[in-house]
Structures are given as structure tokens and as C-alpha cells.
Amino acid sequence: MKFGKYLLDNQVPEWSRQYIDYKKLKNRLRPLISQYREYSLITTAAEKSFFETLKDEVDKVELFYLELLDDLRTDFQSLILQSYRLQHHPSAAPTFHDLNQKLHVLIKNLELVKTNFIPLNKVAIKKVCKKHAKYAGGSGSSVEVENYRITITKTIQEERAWWKKGKNIVSELLKEAKNFQWELCKMTIKHYHDMIP
């Protein structure tokens, strides 16, 4: 199976527009490939167009990752507050059951970020950069283009939160959420135990 199809088939549907647009990046490579095959050289303009598109795609992933993580943290904090409020006011809404369901969704989303969103985007970038290096990294590439390529890839790997520390950050939040899930389970049991006459 081609990677582009694999990427589309394995994306979280609600987040599909936030993944690296692999097809778009491959389309930006086409002029480079034809130039290299025809003239054995690559124009700086075509290279920059590819790298600008790559940068835009990485920025899109970064922004979504940061916003999603912020939303998930906020939701998690809200669940904690609601659970403690519910302990002191058992008739308040939402119920323990509602909180457990919301926490289950939150944990599922964290797991998807960790096991799907981050790895698929990393692989997409690595694959398109490998294709780029195959066609444009040869003798037809200028020093300026080579320096630009190194700068862009270094920026992605060292400065992007989701690339370097993304899985670790999500893993920590996931661990906290699973620990809280256990605490919420104990609160729920106590709540129903206290209701028995």
C-alpha cells in the first residue's frame, strides 16, 4: 500500500485536515523531479516553494497539536473539579457516570495523539524529505538550497513541541488521566455505597 493512501486510511476522521498534507507536498516535488531529470539541476525557486509548503504544513500540525493539548488539559482539569464538587454535592450534575464517560473520551483522544497523530505526521515528513533528497539532493542542488533544507529540517526536529517531546508530554498527561480514572472509580463506588441504607 502506498504511504499516501495509508495516511488517509489511518487518520482520525475529526482531525483529518490537521495532518500533514502528504499529497500536496508530493505535488510540490513534481517540478523538482522533472527539472532534475531534464536539466540535472534544480531551481532555487522550485526548492523554496517545496520548503515553504513543508514549513506551512509543519506549522499547521504544530498549531493543532498545541491547541488540542491545551483543550485536553483544560477538559481534564474541569473533570477533576467536577468530581470534587460532586463528592460534596452528590445530587449535582453531571453524575459520576457522566464524568467517567467524559474521562474515557479524554483518555482515548490522548492515546490517539500519542499513537496516531504524532507518529503519522513524523513518518509523512520523513518520507517526503527522503523523496526530496532522492531527487533534489544531488549535484544539481545549490549550496543555498542545501543550507535552507538543513535549516528547515533542523527546525522541525529540534524546535517543534510535537516532534521532540510530543509523545512524552502526552504520556505524562495520559498517566495522570489514568490515575485519576482510578480515583474517580473509587469515588463512584463510595458514592453508591453511601446510598445503600
Fit a plane to each ring of His132 and Phe51, take the angle between them on a 0 to 90° scale, and name the class: parallel (under 30°), tilted (30 to 60°) or perpendicular (over 60°). perpendicular
Tell me whether Glu62 contacts the main-chain N or O of Ala161 through its side chain, where contact means a donor paired with an acceptor under 3.5 Å. yes
To the nearest 0.5 Å, tell me how far Leu69 CG sits from Phe64 CZ. 10.5 Å
Quick check: are there more than 12 heavy atoms from other residues, nucleotides or ligands sitting under 6.0 Å from NZ of Lys60? yes
Partners passing ring pair (Phe, Tyr, Trp, His ring centres under 6.0 Å) against Tyr84 (at least two apart in sequence or in another chain): none
Quick one: pull up CD1 in Ile156 and NZ in Lys122 and give me the separation to the nearest 0.5 Å. 12.0 Å
Verify side-chain contact (heavy atoms from CB on, under 4.5 Å) between Gln77 and Leu81, making sure each step is shown before the conclusion. CA-CA 6 Å; Gln77 291 169 349; Leu81 289 173; 5.5 Å; no
So NZ of Lys55 and OG1 of Thr155: to nearest 0.5 Å the spacing works out to 8.5 Å
Would you say Phe3 and Leu8 are hydrophobically clustered, going by side-chain heavy atoms of ILVMFWY under 4.5 Å? no
Applying the 4.5 Å side-chain criterion to the ILVMFWY set and letting contacts propagate, would Ile118 and Tyr6 be lumped into a single cluster? yes
Using 0.5 Å steps for rounding, measure from the CD1 atom of Ile125 to the CG atom of Leu120. 11.5 Å
Please table the atom pairs, donor to acceptor, closer than 3.5 Å between any side-chain atom in residues 97-108 and protein atoms at least two apart or in another chain.
unit_1: His97; atom_1: NE2; unit_2: Gln101; atom_2: NE2; d: 3.3
unit_1: Asp98; atom_1: OD2; unit_2: Thr95; atom_2: N; d: 3.1
unit_1: Asp98; atom_1: OD2; unit_2: Thr95; atom_2: OG1; d: 3.2
unit_1: Asn100; atom_1: ND2; unit_2: Phe96; atom_2: O; d: 3.2
unit_1: Asn100; atom_1: ND2; unit_2: Thr188; atom_2: OG1; d: 3.4

Spatial distance of atom SG (Cys185) from atom NZ (Lys190) [nearest 0.5 Å]: 14.5 Å
So, do Leu173 and Ile169 sit near enough that their side-chain heavy atoms are less than 4.5 Å apart? no
Thr53 versus Lys24, side-chain donor and acceptor atoms under 3.5 Å: no
In this structure, CD1 of Ile80 is separated from CG of Leu184 (nearest 0.5 Å) by 10.0 Å
Out of Trp162, Tyr65, Tyr19, which one pairs with Phe117 under the ring pair (Phe, Tyr, Trp, His ring centres under 6.0 Å) rule? Tyr19
Heavy-atom distance under 4.5 Å between the side chains of Asn109 and Trp15, does that happen here? yes
Measuring only between side-chain heavy atoms, which start at C-beta, is Arg160 closer than 4.5 Å to Asp59? yes
Any salt bridge (charged side-chain N to carboxylate O under 4.0 Å, His left out) pairs touching residues 64-82, not counting sequence neighbours? none
Pairing of Glu111 and Lys178 as salt bridge, 4.0 angstrom limit: yes
Tell me whether Ile20 is reachable from Leu66 by hopping between hydrophobic residues (I, L, V, M, F, W, Y) whose side-chain heavy atoms are closer than 4.5 Å. yes
Would you indicate whether the side-chain heavy atoms of Val61 and Trp163 approach each other to under 4.5 Å? no
Okay, side chain of Asp21, backbone of Glu57: is any donor-acceptor separation there less than 3.5 Å? no
